[in-house]
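One structure is given below, encoded as structure tokens.
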Amino acid sequence: MATEANHVREIRALIAAHKRWDHLFAIVGLLAMLVGVVTLLALILDMFLDGYHRLTPEFFTSFPSRRAAQAGILSAWVGSSLVMLVTMLAAVPLGIAAGIYLEEYARRNWLTDLIEINVTNLAGVPSIVYGLLALGLFVYALDFGQSILSAGLTLALLILPVVIVATREAIRAIPGAIREGAYALGATKWQTVRDHVLPYSTGGILTGVIIGLARAIGETAPIITIGALTFIAFLPPSPVKSEFPFVSLDWLFAPFTVMPIQMFNWISRPQSAFHENAAAAGLVLIVMTLAMNAIAIIIRYRYRKRIKW
Amino acid sequence: MNPRSAPSRFAYQARRHIAERLIQALLFVSAFSAVAVTIAIVVILIYESLGFFAHVSLWDFLTDTEWTPLFSIKRYGILPLVAGTLVTTAVGLLVAVPLGTITAIYLSEFAPHRVRETIKPMLEMLGGVPTVVYGYFALLLVTPLLQKIYPDLPGFNMLSAGIVIGIMIIPYVSSLSEDAMRAVPMQIREGSYAMGATRFQTAVFVVTPAAVSGIVAAYILGISRAVGETMIVAIAAGQQPNLTWNPAEPAATITAYIVQVALGDLPHGSLEYQSIFAAGLVLMLMTLFFNIIGHVMRRRYREVY
């Protein structure tokens, strides 16, 4: 009898010990997870404390300057906006078209496999290698120079895999019955895609495009490689003219700087006054990228909820 | 039926057919652009590197222990840059692998649904922070903090750069590992519980081994991100090529060297200009190597169930 009670006690002790492990791991896991989240918050808080007092309206309307207190990000945010415009115009049609081809048209053969392997691999190529590609191809071989056009196209290539993968996933989620309905009414393949598949997958594609652009806006290395300047005290020529034909493409070939490069330039200086500018620029940058990511998450969530097949 | 309608209908059909073909061709060209980009990368890296290796012997490049292309006495040994890259990557992995793996196990096996849905997007935002911002963080917050613990640490060092790289790649490791663990069928867990195993035992001794190749693929993606990371090391690690394995020292990585040279105004076609392509080729080969291993791992893991 005594030994039996001992056994029960031992087993209970064992169970209790095992349960302690469960609780212990739950705590360790929670802590490990919080390291990332806390770091993110610390990062934002640190930059906010260093830089918030520089975030005046003048900061957005002034050119960079030798005097830290008067320097601003005007040329940087104008440059970033124009580069993003080129990136979007190049990457969105190309990426969506590639996604449509791979999902709706491609037969399974070696050529499709080759394209798919390349899309996967391009997603893993370091961004600075795209910069080297652009330096050799856009800047020198095609002679676009160290311009907004070169930068925009470089970032477009960089985010192309993101757009392609998002498009494919969005298209794959649409049930075959929708396509069959269109075919049954005599629609051709392209009509089916254009009028039925694409409109329904807009949400998913948009998510991918926004995430891609959020990444492109923060990319520094490939833009440095193609030779963006770090000190620009003028704006590119305006895209709108007063005389016919009212639009001008001169800005495409203008020298430029972008937000991350302006920030890098300020970090690289020894004076702490410039570090405050860097913090302020970083704050603007991080608010933009995180806001874009948040919008993408919200869109994904909304579309998933609303559409029921 | 109107006799004229039949031919015009055929014409309409033919036009429609041609338009369809045209659009298909256009879509194919777009998809093929991915292959074209890869070819362009390879051609440009190799073409410019050939120019470089016409002046520098491959043997010197691979064995010389000094990299001083910007000094008056030029030495072209890639080893210091490779060492810098490997050390920062190793530090990054020492941070990201334990934290990322434990986070993945917690999110997949322990966390309540609510926690997972709120925390996972927040973790993914870590991967969305611009790397130049991480560079600021490493240089102006992490390094001073480390200097409080270890006062001899220089202002530029690989340790803080590596730690911040590790934090940046946590979401890559945790997200993919979690996907792999969630793909483990429920029956396997139920079998383990039926044998009297606890949640911890099931997670660590049953689910993790079952998902191991997916988890390893996640690590390899992390490695390849860390190897190619540029701005954090260019800002926080210093930019002097230095053949050392000590993370507390400043050093340059392959990517930091490319940035350093590109910032100066170098003449097109010069040896310095070509040297960044040779360095880029080495970087490309390193990441390609890891990507291929990752690909093999993922394929193997798909065959398990």
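We name chains A, B, ... by the order of the sequence lines, and we start the count at 1 in each one.
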How far apart are the C-alpha atoms of A:W266 and B:Y136, what are their side-chain angles, what is the distance that settles it, and do they pass the side-chain contact (heavy atoms from CB on, under 4.5 Å) test? CA-CA 10 Å; A:W266 279 331; B:Y136 175 94; over 6 Å; no
Does the side chain of [X] reach to within under 4.5 Å of the side chain of [Y], using non-hydrogen atoms?
X: B:T230; Y: A:P126; value: no
X: B:T198; Y: A:F25; value: no
X: B:V115; Y: A:M33; value: yes

Counting only non-hydrogen atoms closer than 4.5 Å, does A:I44 touch chain B with its backbone (N, CA, C, O), its side chain (CB onward), both, or neither? neither
Contacting moiety of A:L122, where chain B heavy atoms sit under 4.5 Å: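 Contact with chain B is through the side chain of A:L122 alone.
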Any donor-acceptor N/O pair, B:E48 side chain to A:G136 backbone, under 3.5 Å: no
Any side-chain to backbone donor/acceptor pair from A:D22 onto B:F200? Under 3.5 Å, distance only. yes
What part of [X] is in contact with chain A, defined as an atom under 4.5 angstrom from a non-hydrogen atom: side chain, backbone, both or neither?
X: B:L27; value: both
X: B:M231; value: side chain
X: B:I23; value: side chain
X: B:R199; value: both
X: B:L139; value: side chain
X: B:S33; value: side chain
X: B:L107; value: side chain
X: B:L26; value: neither
X: B:F32; value: both

Could you tell me which non-hydrogen atom of B:T287 sits nearest to which non-hydrogen atom of A:G124, and how far apart they are?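 For B:T287 and A:G124, the tightest heavy-atom pair comes out as CB-O, 4.4 Å.
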Non-hydrogen atoms of B:P130 and A:T289 that approach each other most closely: CD-OG1, 3.6 Å
Taking the six-membered ring for Trp, are A:Y101 and B:F28 parallel (under 30°), tilted (30 to 60°) or perpendicular (over 60°)? perpendicular
Aromatic rings A:Y140 and B:Y273: how do their planes relate, parallel, tilted or perpendicular, breaks at 30° and 60°? perpendicular
Taking side-chain contact (heavy atoms from CB on, under 4.5 Å) as the criterion, tell me which of B:V261, B:V259, B:V132 meets it with A:I224. B:V259
